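On a predicted model such as this, the values are computed, not experimentally measured, just so you know. Just so it is clear, the values below take in all heavy atoms, side chains as well, and ignore hydrogens, waters and symmetry mates.
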Protein chains: 2
Amino acid sequence: MPPRPSQRITIKDLARELGMSVATVARAFHPEADIAVATREAVLRLARERGYQPDALARSMITGRTGIVGVLVADLHNPFYPQALALLTAALQAAGFNTMLVVAEPGGTVDAAIRLLLSYRPEYAVVLATDLTTEATATCSAAGVPLLFFNRVPDAPDARGVVCDNQGGAAALAAHMIAGGMRRPGFIGGLEGTSTHRERRDGFIGHCTAGGLTVREEPGGAFTYAGGQDAARRLLRGPDRPDGLFCAGDIMALGALDTARHEFGLRVPEDLAIAGFDDIPMAAWPAHDLSTVRQPLEAMVEKTLAWVRGRPAAGAEAGCILRLPGQLMERGTTRPVPSLPFKEICR
Amino acid sequence: MPPRPSQRITIKDLARELGMSVATVARAFHPEADIAVATREAVLRLARERGYQPDALARSMITGRTGIVGVLVADLHNPFYPQALALLTAALQAAGFNTMLVVAEPGGTVDAAIRLLLSYRPEYAVVLATDLTTEATATCSAAGVPLLFFNRVPDAPDARGVVCDNQGGAAALAAHMIAGGMRRPGFIGGLEGTSTHRERRDGFIGHCTAGGLTVREEPGGAFTYAGGQDAARRLLRGPDRPDGLFCAGDIMALGALDTARHEFGLRVPEDLAIAGFDDIPMAAWPAHDLSTVRQPLEAMVEKTLAWVRGRPAAGAEAGCILRLPGQLMERGTTRPVPSLPFKEICR
DNA sequence: TTGTTGACTGAGAACGTTCTCGGGATTGGC
DNA sequence: GCCAATCCCGAGAACGTTCTCAGTCAACAA
């Protein structure tokens, strides 16, 4: 067979051709190294000419820095996560990091995938929307890879991460819906045991209870459209159905909304107000026009990136959860608040 | 400062502790190597005990195989791509590959990100929904990294990839809509110059023209919800508006659908039939119930994986585009075909 | 001329694996 | 008791970089 045409060209090839040592050639690529300008120019010129690309693997071996950030993500089916993933990855690669993606499908072999990831010595692992098993967490810490949680945080006291102020956002939404006339609130929960479920639940129910209202509660299972549909069916078919519904996530809220309209023939928001959390793109679509709380994605990504960049100075082993405020998005599925005179009522 | 607590443990550490050579220890991890069973067990036991993880970087250096597959993806905002990405990544990691994600935001520095990716010597680069610049393509081939296109293919004759049979699917949709009574077809295009746009356009318009119908055509810009909205506005406000609308992508079709209903007050499908392409999850939601063509995602991923796995035998440098048939999904936004007696008419 | 500095360069180890090669036990046949 | 075969193991090179350390050479001062 013919010789491989595109054999990767190394620093050694450049050195041979230039009659220099590998050390000198290597120096040319490091701005802070002292090397004669003429030498550097000659090296860089030939490198460009030959299309030389430094080998990140070899570099990583000796520097100990791989530039790899692992990103673990569960259900990409919830549109919130692709959004977050796109932003996070773009930010990482702009900062010179490469993201290694691991999807943790419910039935899949997450632990094997994590071990595979860890073998590449990532500098950080960002956990998007996954509750890691304690075993996986232990594996990471044993490998010396710090974990960073995004949007959802575990119970562990030493966990670090950045999340939305779920409780505050849900409470604000409750206030808004109560002001709009809600008297019989209902809540559709998300995945039991997740921080997003718990905090949003506490925020909404806490505020309603403080206002003297009792909340009917219905588990929604995972954060899925179908989960929202099912929970809405159970909640709406009784005699004393709610007149306001808060769902722990937009994707569930959309399921509930469509079910209320198309299966129960309810008018939203006249018969039933509905709101979600996250502000996924579909929430703003005219077909839904869903009231919700927008997560501060850009800010969350920014904070995450700051953490990743500051790795060398990561003396802070202690846990720290950053909570950033969300933004109430009052749209067409909740009744406008009548007390504000200048507010646009009809939409 | 105290010594790093979790210093990564290497094969050398195991060898020292066991009083064996590194070669022997290394052999224990390769099933095909000949080594005494007792020795292997001893090694594996200690490895498990110490939590040893082989270093993929070092391994890759000498084997030349990194196990890394680069995945380039443009707009994750189109829900089709997260879906494809999740499936593809899951399949890759089940096969022992790690996916490195590169997002190619329109305004971003794609070329820099690609160079960054290439420095890790990926074995393959799967291009999801991106038209690479010729420069980027050249960079990849210079680095000896084969490209594989997914869902969208470039014009180059030596390109390899797997796509849906866009033309056939669009033609089938045209036939279905004509059978449902469409007489004034309209077409909303996607991103000009992409294969998905061109092939779907050709399939739909070709079939309509062959049937004696003339098609009003409207560019939709990128494959976005807003693009579908805008194009629909332009198309629907005239006097002789279409009675059937095919959009080059579901996400645009949903924009057009919502615009037709909420801005023009049209009944779908009575006044206007609408269909898309891709079958994204939202298409099946009751609020939209969009007729469309389902892409054979699982099969496409499977074919892609087969290509990636077969890398050593990749003597086939010649271009090859695999076209897999899609599936017509007749839903509520197109008029049912009356000629079929047993077909369920009302839905 | 000699020492001293400063600017630059080269040799070689190191990173953690895999792979090749050769050699030492152990066994079996005679 | 000898030879060959088999089985297992160790030494060392290799992969492509970076980093440390020692050197060379010119310029300059004494």
Next on the checklist: Rounded to whole Å, how long is the line connecting atom CD of A/Gln53 with atom P of D/dT17?
Outcome noted: 11 Å
Next on the checklist: Any heavy-atom pair between the side chains of B/Thr137 and B/Leu147 that's under 4.5 Å?
Outcome noted: yes
Item to check | Nearest to side-chain heavy atoms of A/Thr63, which nucleotide of C/dT17, D/dT18, D/dG10 | outcome: D/dT18
Next on the checklist: Distance check needed: C/dG16 P versus B/Ile9 CD1, whole Å only.
Outcome noted: 11 Å
Checklist entry - Taking side chain as C-beta onward, heavy atoms only, is B/Leu117 less than 4.5 Å from B/Leu72? => result yes
Checklist entry - Within the pair B/Thr24 and D/dC9, is there a side-chain N or O less than 4.0 Å away from OP1 or OP2? => result no
Checklist entry - Where each residue is assigned the nucleotide of DNA chain D containing its nearest heavy atom, which of B/Arg121 and B/Gly19 is assigned the position nearer the 5′ end? => result B/Gly19
Next on the checklist: Whole angstroms only, please: what is the CG-P distance between B/Leu14 and C/dG16?
Outcome noted: 12 Å
Next on the checklist: Taking the ring centre of each residue, are A/Tyr81 and A/Phe150 less than 6.0 Å apart?
Outcome noted: no
Checklist entry - Are any non-hydrogen side-chain atoms of B/Arg59 and B/Pro54 less than 4.5 angstrom apart? => result yes
Checklist entry - Would you call B/Asp55 and A/Arg121 a salt bridge, taking side-chain N to carboxylate O under 4.0 Å as the test? => result yes
Checklist entry - Is there side-chain contact between A/Ile321 and A/Val163, with heavy atoms separated by less than 4.5 Å? => result yes
Checklist outcome for this item: Numerically ordered, the residues 26-52 of chain A set in heavy-atom contact under 4.0 Å with DNA chain C is A/Arg27, A/Asp34, A/Ile35, A/Ala36, A/Thr39
Checklist entry - Whole-Å distance between D/dG16 P and B/Leu57 CG? => result 14 Å
Checklist entry - For the pair made of CD1 in B/Ile11 and P in D/dC15, what is the distance, rounded to whole Å? => result 19 Å
Next on the checklist: If you assign A/Met61 and A/Ala23 each to the DNA chain D nucleotide with the nearest heavy atom, which residue ends up on the more 5' nucleotide?
Outcome noted: A/Met61
Checklist entry - Quick one: A/Ile62 CD1 to C/dA14 P, roughly how many Å, whole number? => result 12 Å
Checklist entry - D/dT18 P sits how many Å from A/Asp55 CG, rounded? => result 10 Å
